[in-house]
Amino acid sequence: MSQVFALVDCNNFYASCEKLFRPDLKDRPVAVLSNNDGCVVARSKEAKTLGLKMGVPVFQIRDQIERHDIVCFSSNYALYADMSARVMSVLEQEAPEVEIYSIDEAFLNLTGVSHAEDLTEFGLRIKHKVHQWSGISVGVGIAPTKTLAKLANYAAKKYPATQSVVNLMDPERQRRLMALVDVSDVWGVGRRISERLKSQGIHTALDLADANAKSIRKEFSVVLERTQQELNGLSCLDMESIAPVKQQIVCSRSFAERITDKPTLQQAVAKYTARAAEKLRGEGRVAKSVQVFIRTGLFNNNDPRHVGSLTSRLATPTSDTRLLMKATDQLLNKLYRAGYRYAKAGVMLSDFFDPHHQQMDLFTPTHNSKSETLMSVIDSINHKAKGKLFFASQGVTPQWLMKREQLSPAYTTNWNELPVVR
DNA sequence: TAGCTCCCATGGGTAACC
DNA sequence: CCTGGGTTACCCATGGGA
């Protein structure tokens, strides 16, 4: 039986979240910056109209920001996550099956819904209800495959006449749209692959759909072959409503200022280790493999360069912050070289196990419940009082913390931070 | 038993996505 | 001077059994 997927995607999500709580900024250009206030990662409609580009470093467009009086925000992930949850809960009320694909988009499985209601009507209803309940506006694309649903969503955003809802169930309509869409705008086709496709005369989504399947497989990959089949209405990608178990956890960050000395770098690595361990416990797992990486700046640097990473395999997998910190500190000791200006460091955990049926070895004392208790006490305190409890090795007043100079208040998650309005 | 192929695990690198 | 963070999947080379 043929399937029906919808893709619901929030418009300018981060910028919309910031605007929601600042009605005074209605109709004003707003930009949201990446961690460290480094790049532009989201723009309001007005900012896009002004030609503000996605991903550009802020220092390169200071004058543009000044000239047009663009309001900039540091990213406030807690706010976006909370708004996302509100949007998703509306979708979950309306659709029989929801796959939360990212913070601002979700696939709905509408297979079987089609008889009860016209699909376009369904899309419009969802759009209205999400807006009514969360204040966020969304686009809806409906199609027989996920890739086509993405494409329909792209059209819903691009063409205002659609009222932000596009029903792409009809094959003729699919082909008409695909002829207008650049291959690079197809889901799964990035920069490199679109360049290679274009050198072979494949310029539009339709060109890709009609290309020779054998040669796509041979010269590119199974992944692109699947994309091609999906463009032709053959569903290869199913709903993944249950989140797959994580295979790795990374915690890394650029520093506000370059770090040259080892003790400071040690603090940073300790902090990232603590955060990664916390995430690991949140997943209910233990890790056997621990990696640390450090690197100097990436761009226009006459500075000496150093990138390095080292991995250690623990005798026994663990989620105990103390043991993981011991490991990462040893790795950093081997990795660190004096005389470099480090810009970023990170900790990666992988090779996960279920702590309750764990492979023991002969020489290490067995899993102790003291550690488990201590860690869960730390986690529950930090859950209530965010990050108030930490290890001394993380440093008490770190100077290298990321830059977040334009952070908005925690409107939805911390009542105490709300600005006083009279 | 030397030598061959096949298969699988592993690890580094690339590309994609949001 | 100042350029994000996190995750997965795949490809390919390698090397050790069977």
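Predicted model, so just to flag it, every value in this text is computed and none were measured. Every chain is numbered from 1, with letters handed out A, B, ... down the list of sequences.
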Point to revise | Integer-rounded Å distance: dA15(B) P and E225(A) CD | key: 20 Å
Practice item. Check whether any side-chain N or O of S254(A) sits under 4.0 Å from OP1 or OP2 of dG5(C), and answer yes or no. Key: yes
Review point. In Å and rounded to the nearest 0.5 Å, what is the CD1 to CG distance from I249(A) to L280(A)?
Key: 5.0 Å
Exercise for review: Compare the minimum distances between each of dG11(B), dG6(C), dC18(B) and the side chain of K150(A), then state the nucleotide with the smallest one.
Suggested key: dC18(B)
Check your understanding: Is the phosphate of dA16(B), meaning OP1 or OP2, less than 4.0 Å from a side-chain N or O of R226(A)?
Key -> no
Check your understanding: Start at the 5' end of DNA chain C and walk down; is the nucleotide closest to R295(A) or to V223(A) reached first?
Key -> R295(A)
Study note, to complete from the structure: Between CD of E99(A) and P of dT7(C) the distance, given in whole Å, is 17 Å
Exercise for review: Pick base, sugar-phosphate or nothing for Q247(A), based on heavy-atom distances below 4.0 Å to the nucleic acid.
Suggested key: sugar-phosphate
Check your understanding: If you look at every strand shown and take non-hydrogen atoms under 4.0 Å, does I103(A) touch a base, only sugar-phosphate, or nothing?
Key -> nothing
Check your understanding: Any salt bridge between E105(A) and K150(A), counting N to O under 4.0 Å?
Key -> yes
Check your understanding: In terms of the angle between their ring planes, are Y342(A) and Y336(A) parallel, tilted or perpendicular, with boundaries placed at 30° and 60°?
Key -> tilted
Practice item. Assign V56(A) to base, sugar-phosphate, or nothing according to its heavy-atom contacts below 4.0 angstrom with the strands shown. Key: nothing
Review point. At under 4.0 Å between heavy atoms, what does R62(A) touch on the DNA or RNA strands: base, sugar-phosphate, or nothing?
Key: nothing
Review point. So what does V186(A) hit on the nucleic acid, given a heavy-atom distance under 4.0 Å: a base, only sugar-phosphate, or nothing?
Key: sugar-phosphate
Check your understanding: Given that N35(A) and F220(A) both sit by DNA chain C, which one's nearest nucleotide is further toward the 5' end?
Key -> N35(A)
Check your understanding: Applying a 3.5 Å limit to both distances, which nucleotide forms a Watson-Crick or G-U wobble pair with dT3(C)?
Key -> none
Practice item. Check the angle between the aromatic planes of F107(A) and W187(A) and answer parallel, tilted or perpendicular using the 30° and 60° thresholds. Key: tilted
**Study point:** side-chain N/O S75(A) vs dG4(C) OP1/OP2, d < 4.0 Å
**Key:** no
**Study point:** Distance in Å, Y411(A) OH paired with R22(A) CZ, rounded so as to fall on 0.5 Å steps
**Key:** 5.5 Å
Review point. Which of these nucleotides, dC11(C), dG6(C), dC18(B), is closest to any side-chain atom of R253(A)?
Key: dG6(C)
**Study point:** Phosphate OP1/OP2 of dG4(C) contacted by K403(A) side-chain N/O (<4.0 Å)
**Key:** no
Review point. Rounded to the nearest 0.5 Å, what separation is found between the NZ atom of K146(A) and the CG atom of N109(A)?
Key: 9.5 Å
Check your understanding: At under 4.0 Å between heavy atoms, what does E105(A) touch on the DNA or RNA strands: base, sugar-phosphate, or nothing?
Key -> sugar-phosphate
Exercise for review: Would you indicate which nucleotide in dG6(C), dC17(B), dT3(C) comes nearest to any side-chain atom of F59(A)?
Suggested key: dT3(C)
Point to revise | Protein-nucleotide distance (N36(A), atom CG; dC2(C), atom C1'), rounded to Å | key: 10 Å
Exercise for review: Classify the nucleic acid contact of D37(A) as base, sugar-phosphate or nothing, counting any heavy atom under 4.0 Å across all strands shown.
Suggested key: nothing
Check your understanding: Among dC18(B), dT8(C), dG4(C), which is the nearest nucleotide to the side chain of W187(A)?
Key -> dC18(B)
Check your understanding: Can you tell me how far P of dG5(C) sits from CG of N76(A), to the nearest Å?
Key -> 17 Å
Check your understanding: CZ of F293(A) versus P of dG12(B): gap in Å, rounded?
Key -> 14 Å
Review point. Rounded to the Å, how far apart are E283(A) CD and dT7(C) C1'?
Key: 12 Å
Check your understanding: Got a second to check how far N76(A)'s CG is from T412(A)'s OG1, nearest 0.5 Å?
Key -> 8.0 Å
Study note, to complete from the structure: Rounded to whole Å, the CZ-C1' distance (F107(A) to dC17(B)) equals 11 Å
Practice item. For the side chain of R258(A), starting at C-beta, report the closest nucleotide among dT3(C), dT8(C), dC18(B). Key: dT3(C)
**Study point:** Nucleotide of dG5(C), dT3(C), dA16(B) approaching F299(A) most closely (side-chain heavy atoms)
**Key:** dT3(C)
Review point. Does dC1(C) have OP1 or OP2 sitting under 4.0 Å from an N or O in the side chain of R341(A)?
Key: no
Practice item. Would you indicate, yes or no, if dG6(C) has its OP1 or OP2 atom less than 4.0 angstrom from a side-chain nitrogen or oxygen of R275(A)? Key: no
Check your understanding: Considering only side-chain heavy atoms of K246(A), which listed nucleotide, dG6(C), dT7(C), dC18(B), is closest?
Key -> dT7(C)
Review point. Taking the six-membered ring for Trp, are H306(A) and Y340(A) parallel (under 30°), tilted (30 to 60°) or perpendicular (over 60°)?
Key: tilted
Check your understanding: Looking across every strand, which nucleic acid part, if any, lies under 4.0 Å from V250(A) by heavy atom: base, sugar-phosphate, or nothing?
Key -> sugar-phosphate
Exercise for review: Identify whether any heavy atom of R313(A) sits under 4.0 Å from a base atom; if not, whether one sits that close to sugar-phosphate; answer base, sugar-phosphate or nothing.
Suggested key: sugar-phosphate
Check your understanding: Within the structure shown, what part of the strands sits under 4.0 Å from L33(A) by heavy-atom distance: base, sugar-phosphate, or nothing?
Key -> nothing
Exercise for review: Describe the nucleic acid contact of V58(A) in one word from base, sugar-phosphate, nothing, applying a heavy-atom distance below 4.0 Å.
Suggested key: nothing
**Study point:** Gap between atoms CG and P, on N153(A) and dC18(B) respectively (whole Å)
**Key:** 10 Å
Review point. If the P atom of dT3(C) is compared with that of dA16(B), how far apart are they to the nearest Å?
Key: 24 Å
